[in-house]
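Chain A is the first sequence line, chain B the second, and so forth, proteins listed ahead of strands; every chain is numbered from 1.
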Protein chains: 2
Amino acid sequence: MAGEGATSIWMQPEGHERSGPGRRPGFSRRQITRTAVRIADAEGVEAATMRRIASELGTGAMSLYRYIPRRDDLFDLMIDLAMSGIELPDGPSGDWRGDLTLLARQVRAAGLRHPWLIALLTSRPTLGPNLLRVHEFALGAFKGTELHIDDVTGFVGMLNDYVHSAIRREIGWLEEARRTGLDPERWKRDYMGPYVRQVVESGAFPLFNRSVLDSRTAHLAPEERFRHGLDRILDAIAALTPSLSPR
Amino acid sequence: MAGEGATSIWMQPEGHERSGPGRRPGFSRRQITRTAVRIADAEGVEAATMRRIASELGTGAMSLYRYIPRRDDLFDLMIDLAMSGIELPDGPSGDWRGDLTLLARQVRAAGLRHPWLIALLTSRPTLGPNLLRVHEFALGAFKGTELHIDDVTGFVGMLNDYVHSAIRREIGWLEEARRTGLDPERWKRDYMGPYVRQVVESGAFPLFNRSVLDSRTAHLAPEERFRHGLDRILDAIAALTPSLSPR
DNA sequence: ACCATTCAGGTACCATGTACGCAAATGGAA
DNA sequence: TTCCATTTGCGTACATGGTACCTGAATGGT
């Protein structure tokens with residue numbers, strides 16, 4: 001074997017269609033990944049253990065290692081599968097703002113559908129084909145402008161940073177509640193609530209207090225809040241580059 | 001006991017100075033946290049296991065549970081200890097741009113000193129006293145301006161999103177290499193390198209290629225790159241609010 | 001001197017990733 | 001048809017993790 005294990009999973013494609021001797025494979029990377037994603041969606045990544053996935057497939061844990069070198073590689077595959085759900089036009093439309101808005105909404109939808117996605121994505125530097133596809137579309141939104149590629153990368157980075165962080169904020173407490181086993185409502189009321197109240201009542205952080213008490217956006221629906229922040233990022237991009245249409 | 005375990009760690013202060021009967025405590029939360037941080041700094045969070053920390057302190061693993069309810073709470077304490085290393089003036093100087101630059105640099109320094117900090121910070125919604133202190137300083141930078149608190153929160157969020165993401169990018173591959181046990185140089189050359197080269201040579205993502213090949217900022221020193229991105233964020237904030245001094 | 005109270009920490013249990021090895025299946029060659 | 005090299009299926013086993021439980025030691029008030 002050449003370069004076994006010491007390379008990215010994307011360099012070790014599925015054992016391509018052989019026609020030689022030997023037992024036929026009973027599973028596939030895709031099938032295993034799909035199962036892992038399904039479990040993770042329903043019960044969190046920590047529930048998607050090798051044994052659990054195998055059991056769901058009606059087999060033993062060690063069978064999976066015929067298809068996936070290490071558990072970490074499975075994460076890369078899961079990320080890529082989740083990103084594959086992001087549907088985008090083939091190319092940029094010419095309306096950079098519209099394209100990026102579409103992109104952001106799609107990423108948000110994927111992030112909510114797979115609450116583990118953003119956490120995995122930001123915890124490991126991965127470059128699966130679908131992430132590259134999405135990234136390429138983002139970069140393409142600025143096609144036609146006279147921007148230097150570094151500026152484009154910077155803007156796309158700003159947008160990504162916002163989208164990811166916003167999704168994390170939106171999921172954050174929900175996920176934490178699920179992880180600790182409490183139902184979300186009780187978690188907010190009994191776990192974090194009393195502490196925040198104590199902090200507020202102590203008066204030690206007056207501006208934090210105002211950001212909690214006087215906030216208007218806090219009472220907005222999640223999508224609205226997301227759109228507000230997104231618009232701010234897009235406005236910022238427009239404001240930084242006079243050559244772009246302001247809006 | 002009232003509300004045991006079902007509350008944030010910040011609601012369960014250290015067993016305050018008693019004077020009743022019973023054996024004297026031989027350790028302290030702070031001491032345990034310090035040890036955990038030291039191990040995590042040197043060998044990664046995954047090395048800071050309960051057994052390892054205890055062994056470092058010359059005791060048994062279960063002794064730690066007299067001071068810390070769950071391992072997750074230890075993470076909160078570690079985050080707070082790392083954030084306590086961020087040194088800031090008592091109040092805003094009046095120069096919002098200077099204050100935020102100072103803040104960003106301090107956070108970056110803390111993030112590099114404790115390569116696990118940002119990952120933990122963004123993986124769990126925690127609100128320790130030192131995080132609140134730092135956040136309050138950030139909000140305070142806009143004191144004197146006529147901005148609504150929601151806008152201030154939004155800007156501070158933008159800044160935080162950038163700083164955290166930039167630190168993650170700066171550490172990213174380094175950490176991944178350490179996690180997999182390879183030395184960083186070999187990781188980049190043998191693990192990720194060949195794949196990126198393959199992607200580039202395939203020509204499937206032309207804009208990604210340009211962002212890799214034609215980048216000028218990629219060859220900058222890390223601090224320079226950080227400062228560039230930071231300036232872009234601050235420029236964006238200034239551009240979005242005409243009432244602020246542009247620079 | 002006694003005792004309720006508190007801490008130290010050993011033992012034990014369960015879950016996890018995964019190395020290893022052998023049995024079972026498979027298709028080409030003899 | 002008969003073998004056999006090859007590949008998959010997967011049980012067993014081990015190291016490592018968090019942590020529940022329990023016993024014994026230390027301690028200060030009565």
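The interatomic distance linking R71(B) (CZ) with dC14(C) (C1') rounds to 17 Å, in whole Å. For the pair F27(B) CZ and dC7(C) C1', the interatomic distance rounds to 10 Å; values are reported in whole Å. Regarding L64(A), its CG atom lies at a distance of 14 Å from the P atom of dT8(D), rounded to whole Å. Atom OH of Y67(B) and atom C1' of dT19(D) are 17 Å apart (whole Å).
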Are there any protein N/O atoms within less than 3.5 Å of an N/O atom in nucleotides 20-25 of chain C, and if so, which ones and at what distance?
none

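Residue T59(A) has its side chain nearest to dC10(D) when only dC10(D), dT18(C), dA12(C) are considered. Side-chain atoms of R51(B) lie closest to dT19(D) of the nucleotides dT19(D), dG17(C), dA8(C).
The salt bridge (Lys or Arg N to Asp or Glu O under 4.0 Å) search around R38(A) returns E56(A), not counting sequence neighbours. Residues meeting the salt bridge (Lys or Arg N to Asp or Glu O under 4.0 Å) test with R178(A), sequence neighbours left out: E46(A), E175(A). With sequence neighbours left out, R108(A) forms a salt bridge (Lys or Arg N to Asp or Glu O under 4.0 Å) with E170(A). Residues meeting the salt bridge (Lys or Arg N to Asp or Glu O under 4.0 Å) test with R124(B), sequence neighbours left out: E176(A), D72(B), D76(B). Qualifying ring pair (Phe, Tyr, Trp, His ring centres under 6.0 Å) partners for H164(B), counting only residues two or more places apart in sequence or in other chains: none.
At the heavy-atom level, T49(B) lies under 4.0 Å from the strands shown only through sugar-phosphate atoms.
Although no hydrogens or angles enter the test, the distance criterion places a donor-acceptor pair under 3.5 Å between the side chain of T35(A) and the main chain of Q31(A).
The stretch residues 35-48 of chain A has no heavy atom under 4.0 angstrom from DNA chain C at all.
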Show every donor-acceptor pair shorter than 3.5 Å between a side-chain atom in residues 194-204 of chain B and any protein atom, with sequence neighbours excluded, or say none if there are none.
| from | atom 1 | to | atom 2 | distance (Å) |
| --- | --- | --- | --- | --- |
| Y195(B) | OH | L127(A) | O | 2.7 |
| S202(B) | OG | V199(B) | O | 2.7 |
| S202(B) | OG | A204(B) | N | 3.2 |

Quiz: residues 79-86 of chain B side-chain donor-acceptor pairs under 3.5 angstrom, not counting sequence neighbours:
| from | atom 1 | to | atom 2 | distance (Å) |
| --- | --- | --- | --- | --- |
| D80(B) | OD1 | N130(B) | N | 2.8 |
| D80(B) | OD2 | N130(B) | ND2 | 3.1 |
| S84(B) | OG | L81(B) | O | 2.5 |

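OP1 or OP2 of dC10(D) lies within a sub-4.0 Å distance of a side-chain N or O belonging to S63(A).
The six-membered or imidazole ring of F205(A) lies away from that of F137(B), with a centre-to-centre distance of 6.0 Å or more.
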